[in-house]
Amino acid sequence: MLRIEARPEPSRTMQLATPFLAVALTVVSGAVLFALLGRDPVVSLHAFFVTPISSLYGLGELALKATPLILIGIGLAAGFRANVWNIGAEGQLVLGAICGGGVALWFWEVDAPWVFPLMVVAAVAGGMVWAAIPAFLKTRLEVNEILVSLMLTYVAVLLLSTLVYGPWKDPEGFNFPQSRMFGEAALMAPILDGTRLHAGILVALAVALAAWLWQARTLSGFALKVVGLAPAAARFAGFRRHRAVWSTLLLGGGLAGLAGLFEVAGPIGQLVPEVSPGYGFTGIIVAFLGRLHPFGVVLAGFLVALSYIGGEVAQIEAGLPQAVTGVFQGMLLFFLLATDFLIRYRLRRVPRRRAAEGG
Amino acid sequence: MTPAPSRLELRGITKRFPGVLANDRVDLDVRPGEIHALLGENGAGKSTLVKIVYGVLQPDEGEIFWEGARVEIRSPHRARRLGIGMVFQHFTLFEALSVGENIALGLEERLERGRLERRIREVSESYGLPLDPGRDVHTLSVGERQRIEILRCLLQSPRLLVMDEPTSVLTPQEVDRLFATLRRLAAEGCSILYISHKLEEVKALCERATILRGGKVVAVCDPRVESARSMAEIMVGTAIRETARPATRLKRAPRLVVDRLSLAPESPFGTPLREISFLLRRGEIFGIAGVAGNGQDELLAALSGERPVAEPGMIRIGEARVGRLGPAARRRLGICVIPEERNGHAAVPELSLAENALLSAHARLQLLRLGFVRRRAVAAFARRIVERFDVRTPGIEVTAGSLSGGNLQKFVVGREILQNPEILIAAQPTWGVDAGAAAAIRAALLELAERGTAVLVISQDLDELLGLTDRLAVIHAGRLSRSFETRQVEIGRIGMLMAGVEEPVPAEAG
């Protein structure tokens with residue numbers, strides 16, 4: 001008979017080590033999985049983890065993919081620390097793409113330096129508005145923010161489809177469901193020759209630094225942590241929960257909106273029905289993998305980005321199925337949660353008789 | 001009548017917890033068909049004793065006899081098999097399930113659904129406890145929920161029913177109905193052990209009463225012939241004050257004025273505050289006595305600003321009307337608060353002592369610069385608390401949760417006192433701490449008052465209030481009695497006010 005019991009004090013080193021442990025376990029399980037599929041594990045793992053980052057172009061792609069994940073992960077992590085569960089970053093991302101892309105399309109033939117800043121403002125505002133809906137319903141009517149933000153994702157995706165299949169469809173696009181290509185002023189130029197990497201990664205890193213300063217060094221960041229850990233103590237201290245709900249949802253929505261804009265103004269260059277392969281949802285994994293810490297989120301963003309790109313390379317080079325990306329991300333989250341659980345609890349063997357009595 | 005053996009007899013039951021003797025050689029004897037009261041203040045050892053009877057706790061010493069035979073009640077399961085039923089003060093029901101489903105979950109035997117519903121209807125009708133087995137629990141009133149708990153016991157045909165403070169959540173009409181049911185059960189031969197501190201109820205219902213104080217049986221009496229006053233005196237005891245404090249401070253100017261403060265409860269189990277009025281003067285210690293759950297938590301929340309009240313003028317600090325202000329704004333005006341619950345209210349167990357120092361001190365001390373935390377200043381403040389209040393800790397970076405109860409309480413008390421408050425409000429400041437820490441905390445409160453701070457202590461520990469305060473009043477059912485000068489107060493009177501016997505009159509002027 002095994003029994004689960006809480007450990008008296010979770011080890012600090014182990015808390016820092018678990019993300020790495022989870023990655024290692026994922027790699028090992030992946031090797032076993034590849035072997036069972038009848039592939040050479042070494043070749044497959046090489047294709048998955050090494051080939052993508054062995055060229056400048058590959059590194060650029062990695063950073064490009066990591067950008068939206070980091071932006072979203074940081075916003076979500078701030079909320080999760082305060083017990084605010086924004087699950088709808090995907091929808092906020094889509095709304096950012098719609099609003100930022102809308103500005104680009106409206107000023108299609110305008111080639112002026114203010115077009116792009118205006119797009120940024122519109123995208124951030126769009127994401128914030130989308131996140132403000134769950135914030136409003138939560139603070140006024142105690143409606144669960146998980147459900148509202150999640151369902152608004154589907155609304156946002158359908159709204160985007162309506163636009164690109166209808167009024168915003170490219171008049172010269174042979175009836176394909178996509179908008180015009182954005183004008184020069186609305187596109188983000190590569191910052192490294194030979195790659196598609198744009199300045200978004202620098203923004204994401206700056207945001208991570210600012211988020212860390214906010215959370216670790218200011219009173220309002222401290223308030224978030226207290227609200228999440230002990231609501232009664234937060235009330236005692238005078239930290240308002242409503243403020244935490246609003247600030248984290250607006251931050252998360254704004255950053256997701258920005259991530260959406262960086263996608264459409266960067267690698268995509270136009271509005272299409274699917275502007276994101278689920279960055280908003282993967283951002284949740286990134287936030288937890290990064291231990292809800294801004295710097296951890298940066299590392300986690302790159303790691304998860306690697307799993308996306310590695311999956312693609314593995315498909316092409318090692319002939320692995322497409323599902324391998326999803327399996328890897330799933331295993332990563334699973335091992336992270338499992339190791340986390342084992343830091344806080346341990347399994348103990350107890351004699352059957354005693355266990356029955358204790359129940 | 002032939003002398004039948006007692007239904008339940010306890011002999012010399014002793015139970016120790018670290019630092020506390022909860023039950024000290026307790027004898028108790030419940031006869032068949034008797035309604036027996038177990039009386040005592042909070043902390044007198046009633047709950048511990050009941051848990052031993054129901055098999056939740058095991059006694060360290062002593063014997064239990066069930067219908068004349070010696071038994072060991074190793075678990076609640078065993079207690080139920082013997083025929084002991086228990087209705088807890090806090091219900092254990094699933095809101096989303098129906099009455100029938102809740103009852104089925106609590107039964108030892110498995111009954112087929114139709115038969116169970118028939119039996120529920122039979123028993124509920126015959127005992128005047130109307131309940132529809134198909135109703136969902138969340139649609140029921142508190143009184144109806146209690147009926148489920150009682151029915152759950154009755155379905156197992158108990159021979160001893162233990163009821164822990166059953167009327168604390170009921171309306172007067174529901175209480176009458178409950179009493180009728182209990183009398184009927186007793187007439188049928190079921191014994192009832194009735195735990196309460198409400199003397200009038202005990203007089204109306206019970207045939208015998210065992211009174212506990214400080215873990216010991218101090219009297220066994222017949223409540224029908226005793227007066228409520230005499231039982232209150234036995235219950236509270238006649239403690240002698242150790243320190244007499246000079247009376248001069250009674251004439252000083254009021255610092256805090258609470259004027260007809262009313263507040264609706266936040267949860268259905270809360271107590272509404274009804275027109276509470278009192279003054280708190282410079283340099284005095286004012287005590288509010290009362291049994292737990294009579295509005296103390298609500299009063300603390302209203303005074304600290306955790307729950308703003310309807311009218312700004314209901315709470316005044318000097319000239320400022322602060323009733324609508326939040327905790328931080330009130331701290332800036334000089335109110336510091338020590339809540340009763342250390343873990344998760346006064347302190348966050350997962351955070352370090354330094355962070356916990358920042359928790360309440362950010363409003364009054366200069367700990368911020370342009371919104372950024374001055375981490376050195378916070379650490380220095382935390383270290384000052386640790387040194388001045390003798391907090392035993394390896395450092396200020398350890399989590400609050402790793403400190404013992406007494407040490408953390410010293411830290412919390414020190415954190416508030418070192419902010420030099422104009423007004424300090426402390427709820428149960430020495431609850432659950434060892435004797436040494438308790439003495440240090442009391443001394444710190446006295447010293448603070450000496451320096452001119454107005455101190456309010458809300459406590460269930462009457463002895464503590466008698467030793468510490470200049471004046472005191474009693475809170476009962478959300479109302480505050482007039483205030484008494486502690487030196488002249490009659491203890492029996494306080495005990496009766498605490499038990500709600502004497503209707504408190506509104507506070508007098510001055």
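Since this is a predicted model, take the numbers as computed values, not measurements. Scope of the values below: all heavy atoms of this structure, side chains included, with no hydrogens, waters or symmetry mates. Below, chain A is the first sequence line, B the second, and so on; all start at residue 1.
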Name the region of [X], side chain, backbone, both or neither, that has any atom closer than 4.5 Å to a heavy atom of chain A.
X	answer
B/Arg330	neither
B/Leu359	both
B/Glu355	both
B/Arg374	neither

Do [X] and [Y] make a side-chain contact, defined as non-hydrogen atoms from C-beta onward lying under 4.5 Å apart?
X	Y	answer
B/Leu367	A/Leu219	no
A/Arg217	B/Val373	no
A/Leu213	B/Phe372	yes

#### Entry: Heavy-atom pairs under 4.5 Å with chain B, option from A/Ala216, A/Ala232, A/Gly238 with the top count
A/Ala232
Might you point out which heavy atoms bring [X] and [Y] nearest each other, and give the distance in Å?
X	Y	value
B/Ala328	A/Ala237	CB-O, 4.5 Å
A/Ala230	B/Gly344	CB-O, 3.8 Å
A/Ala233	B/Val348	CB-CG2, 3.7 Å

### Message
Ring-plane angle category for A/Phe236 and B/His345, please: parallel below 30°, perpendicular beyond 60°, tilted otherwise.
### Response
perpendicular
### Task
Can you measure from CD (B/Glu350) to NZ (A/Lys225) and round to the nearest 0.5 angstrom?
10.5 Å
### Task
Could you tell me whether B/Arg307 atom CZ has more than 12 heavy atoms of other residues or ligands within 6.0 Å of it?
yes
### Message
Any carboxylate oxygen within less than 4.0 angstrom of a Lys/Arg side-chain nitrogen, looking at A/Arg235 and B/Glu266?
### Response
yes
